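Below you'll find the structure, written out as structure tokens, and then a few comments.
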Amino acid sequence: MRLIYAPASPFARKVRVLAIETRQDGDIELIDATGISPVNPTDTVTRVNPLARIPALLTDGDELIVDSRVICEYLDSRHNHTPLVPQGEKRWQSLTLAAMAEGILDTAVPLRYETALRPEQLRWPELIDCQFNRILRTLDYLEQDAATLGEQVCIGRIGLACALGYLDFRFDTVDWRTGHSDLSAWYSEFCNRESMRQTAPY
Ligand code: BEZ
């Protein structure tokens with residue numbers, strides 16, 4: 001399989017963490033599309049994915065699979081270890097956590113473009129404030145149950161760790177840890193996993 005990714009992409013990081021956790025990383029050739037952005041779609045990506053988004057996976061049969069959630073599901077269907085997209089009673093809790101994490105990233109990545117790429121005179125400060133507030137409100141919500149996150153690994157926890165990692169990577173002046181001590185403690189512990197170490201963004 002071939003994965004079009006960028007080391008900075010938190011969406012691609014989710015896929016890579018899941019691949020390492022399920023011991024499939026050796027089956028995946030990584031193709032680095034660093035430099036991709038909404039204003040620079042890059043041929044490496046558009047040749048494969050007309051949406052110009054990463055990650056994009058090409059299977060061994062050259063079939064295109066897009067959207068990190070779909071790629072994670074695909075990879076999770078290909079191994080014989082404990083599924084990371086759980087079935088049964090844990091499924092909805094895990095998928096809801098994954099969706100919350102996705103919402104943080106769906107907000108944080110455009111915010112990054114808004115604050116780093118968009119010319120200053122075209123920025124909309126009210127939108128930027130509202131987007132940061134959406135992220136902080138979601139962290140407040142997740143903090144309520146963060147003490148129960150424990151040591152398990154699942155698609156929701158992987159998503160959450162990648163979302164928090166992206167905040168540290170791109171918004172290091174935003175002190176998300178204050179007021180979120182249980183989330184912060186859980187994240188520190190989760191970052192010790194080999195899968196998180198190997199996929200640290202740059
Ligand atoms: C970033 O540089 O922050 C980034 C790169 C690719 C995808 C998403 C984010």
Side-chain angles (χ1 to χ4, degrees), residues 1-21 25 28-58 64-75 97-120 122-125 127-136 138-139 155-177 183 187 190-191 195-202:
M1 293 177 280
R2 281 169 293 159
L3 182 72
I4 326 294
Y5 86 114
S9 165
F11 299 106
R13 189 180 191 191
K14 283 192 304 177
V15 169
R16 293 167 63 215
V17 169
L18 185 137
I20 294 168
E21 292 288 347
D25 48 313
I28 298 176
E29 180 192 343
L30 294 173
I31 299 172
D32 191 340
T34 292
I36 185 173
S37 78
V39 289
N40 182 31
T42 80
D43 288 349
T44 315
V45 182
T46 54
R47 263 197 301 268
V48 172
N49 180 4
L51 292 169
R53 285 195 182 144
I54 53 169
L57 184 81
L58 288 167
L64 173 65
I65 302 190
V66 292
D67 189 301
S68 60
R69 290 166 289 196
V70 183
I71 300 172
C72 284
E73 284 267 8
Y74 174 74
L75 292 179
L97 181 58
M100 288 283 177
E102 194 77 8
I104 292 173
L105 287 177
D106 283 342
T107 309
V109 171
L111 251 183
R112 162 74 183 165
Y113 297 136
E114 184 71 30
T115 52
L117 274 187
R118 191 189 286 270
E120 192 146 8
L122 297 180
R123 290 183 198 157
W124 186 6
L127 177 68
I128 294 174
D129 283 353
C130 277
Q131 299 295 64
F132 273 121
N133 285 338
R134 182 204 296 251
I135 293 172
L136 292 173
T138 306
L139 296 182
I155 192 66
R157 289 166 173 86
I158 290 172
L160 179 57
C162 293
L164 296 175
Y166 189 72
L167 296 182
D168 278 351
F169 177 53
R170 287 303 191 203
F171 301 99
D172 60 354
T173 54
V174 175
D175 175 21
W176 66 263
R177 287 171 174 80
L183 264 185
Y187 174 65
F190 200 87
C191 281
S195 58
M196 289 295 287
R197 285 184 201 275
Q198 280 187 32
T199 58
Y202 58 89

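Ligands are counted one by one from 1 in listed order, and the atoms in each one are counted from 1 as well. It should be emphasised that the depicted structure is a prediction, and the values quoted were computed from it without experimental measurement.
Asp168 places no side-chain N or O within donor-acceptor distance of the main-chain N or O of Asp172, the cut-off being under 3.5 Å. Distance alone, capped at 3.5 Å, is enough to place a donor-acceptor pair between the Arg123 side chain and the Arg118 backbone. Checked by atom type and distance alone, the side chain of Arg134 never pairs as donor or acceptor with a backbone atom of Thr107 at under 3.5 Å.
Below 3.5 Å of separation, one finds no N or O of Ser9 facing any N or O of ligand 1. The distance criterion of under 3.5 Å between nitrogen or oxygen atoms is met by Arg170 with respect to ligand 1.
With a heavy-atom cut-off of 4.0 Å, Tyr166 touches ligand 1 through its side chain alone. With a 4.0 Å cut-off on non-hydrogen atoms, Tyr113 touches ligand 1 through its side chain and not its backbone.
Atom CD1 of Ile155 sits about 9.5 Å away from atom CG of Leu75, to the nearest 0.5 Å.
Of the protein's non-hydrogen atoms, the one nearest atom 5 (C) of ligand 1 is Ala8 CB, 4.0 Å.
Under the 6.0 Å cut-off for aromatic ring centres, Tyr5 and Phe11 do not qualify, their centroids lying 6.0 Å or more apart.
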